Amino acid sequence: ASDQFETLALSGRTVYITAGPTREALDPVRYISNHSSGKMGYALAAAARDAGARVRLISGPVSIAVPDRVQCVQVESAQQMLDASLEGLADCDLFIAAAAVADYRPVSVAEHKIKKGSEEIMELHLVKNPDIVATVASSKNRPFTVGFAAETRDVVAYAQDKLARKRLDLIVANDVSAPGIGFNSDENAVTLVGPDSVESLPQTHKQQLARQLINRIARHLNEQAK
Ligand code: CTP
Ligand code: CA
């Protein structure tokens, strides 16, 4: 009777996926952000669900629909994304950081709308945000942790450096300088980099690429005893 049930690559696994941009408030009406559409993270969530996982998306503000049967925690700032990522993390088997987290946020948030003033040059003071995926990867009883690396040059070398620095298990290297792929696009091409592996996945729709990535990530995860 058990042969009627296919064992899916991520069945029984709990997967957290960060996605989209973060927004870092300047005042009640303004923020610093980026052009991340959330498409790659949302496609990974659907693919992980189809692979049998229980999926929690931790998402910055995006304009696309949450996939069916995926739990979504909506956040704005990097700090909120970090807090949501740590919530229940002990039960998480696989953490995928697809979000485009703002590296810096304003040092302080003005209580009232900032007025224009007479000066021609305005200076903003920014402070570094916490690194969410690095925090997860160095947590006690860490999940299998996968990051992304958005690069415009020396893509694999920078990705290998990020993999080591953040203590990740795998990193998905993304050449964001190539036209028609990556940020805000429907297609992407990536290189999956591990401690001793490099695999190129050629340009295709993000849904298709997400399924390929989930299959490969699951293979690496299932090879490693938790
Ligand atoms: N990331 C994160 N928290 C941050 C910054 C980045 O979790 N505060 C994650 C991203 O979600 C991604 C990975 O780290 O999975 C790499 O992001 P990237 O912007 O490429 O790297 P950075 O370490 O921020 O370095 P830089 O922007 O200088 O290249
Ligand atoms: Ca960054």
Side-chain angles (χ1 to χ4, degrees), residues 15-25 31-45 48 55-62 73-87 89 92 94-107 126-139 142-178 181-185 188-195 201 206 209-210 213-214 216-217 220-221:
V15 180
Y16 284 13
I17 301 174
T18 68
T22 66
R23 280 183 186 173
E24 310 299 331
Y31 55 82
I32 294 172
S33 191
N34 60 66
H35 290 294
S36 170
S37 62
K39 283 173 190 162
M40 196 65 235
Y42 278 53
L44 285 164
V55 182
R56 178 181 295 184
L57 254 178
I58 300 162
S59 178
V62 296
V73 180
Q74 273 155 358
V75 299
E76 291 209 343
S77 67
Q79 186 59 55
Q80 290 170 353
M81 188 173 276
L82 174 63
D83 294 344
S85 297
L86 298 178
E87 184 92 35
L89 191 65
C92 174
L94 169 60
F95 189 94
I96 304 176
V101 183
D103 291 333
Y104 293 88
R105 67 176 182 277
V107 167
L126 306 175
V127 58
K128 200 174 257 170
N129 268 327
D131 192 306
I132 297 164
V133 77
T135 305
V136 167
S138 25
S139 67
R142 68 202 289 272
F144 191 88
T145 309
V146 182
F148 272 69
E151 308 292 351
T152 58
R153 61 190 166 108
D154 301 329
V155 177
V156 172
Y158 277 122
Q160 284 166 330
D161 178 61
K162 274 179 195 168
L163 179 84
R165 245 185 320 113
K166 299 181 190 234
R167 305 178 60 224
L168 306 177
D169 295 296
L170 287 172
I171 193 153
V172 184
N174 205 170
D175 184 347
V176 289
S177 70
I181 65 167
F183 261 57
N184 224 346
S185 164
N188 206 357
V190 300
T191 307
L192 185 61
V193 178
L201 302 180
K206 285 181 174 175
L209 188 66
L213 278 172
I214 287 297
R216 281 158 181 83
I217 291 167
H220 285 269
L221 164 65

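Whatever order the structure lists them in is the order used to number ligands and atoms, beginning at 1. These numbers were taken from a predicted model, which means no experiment stands behind them.
- Side chain of Asn188 to main chain of Met40: no donor-acceptor pair is present (N/O by atom type, distance under 3.5 Å, no hydrogens or angles).
- The part of Asp103 lying near ligand 1 is the side chain, judged by heavy-atom distances below 4.0 Å.
- Look at Lys166 and you'll find a heavy atom under 4.0 Å from some atom of ligand 1.
- Evaluated for a salt bridge (charged side-chain N to carboxylate O under 4.0 Å, His left out) with Asp131, the options Arg165, Arg167, Lys166, Lys162 yield exactly one hit, Lys166.
- Under a 4.0 Å heavy-atom criterion, Ala99 is in contact with ligand 1.
- For the residue pair Ser77 / Tyr31, no side-chain donor-acceptor distance below 3.5 Å is found, with atom types taken as modelled.
- Annotation for ligand 1: atoms under 4.0 Å from non-hydrogen atoms of Val133 are 2 (C), 7 (O), 9 (C), 14 (O).
- At distances below 3.5 Å, at least one donor-acceptor pair connects side-chain atoms of Asn34 with backbone N or O atoms of Ser36.
- Set against the non-hydrogen atoms of Ala97, the atoms of ligand 1 under 4.0 Å away are 11 (O), 12 (C), 15 (O).
- Between the side chain of Asp169 and the backbone N or O of Thr145 there is at least one donor-acceptor pair closer than 3.5 Å.
- Contact between Ser37 and Lys206 at its shortest, heavy atoms only, is OG-NZ, 4.3 Å.
- Separating the CG atom in Leu44 from the NZ atom in Lys39 is a distance of 14.0 Å, to the nearest 0.5 Å.
- Closest to atom 17 (O) of ligand 1 among all protein heavy atoms lies Phe148 O, 3.7 Å.
- For Pro130, the closest heavy-atom approach to ligand 1 falls below 4.0 Å.
- Closest non-hydrogen pair, Leu168 versus Ala137, comes out as CD2-CB, 4.2 Å.
- Ile132 N, 3.0 Å is the protein heavy atom nearest to atom 3 (N) of ligand 1.
- Residue contact check: Gly147 has heavy atoms under 4.0 Å from atoms 15 (O) of ligand 1.
- Lys162 NZ, 2.9 Å is the protein heavy atom nearest to atom 29 (O) of ligand 1.
- Less than 4.0 angstrom separates some heavy atom of Ala149 from each of these atoms of ligand 1: 20 (O).
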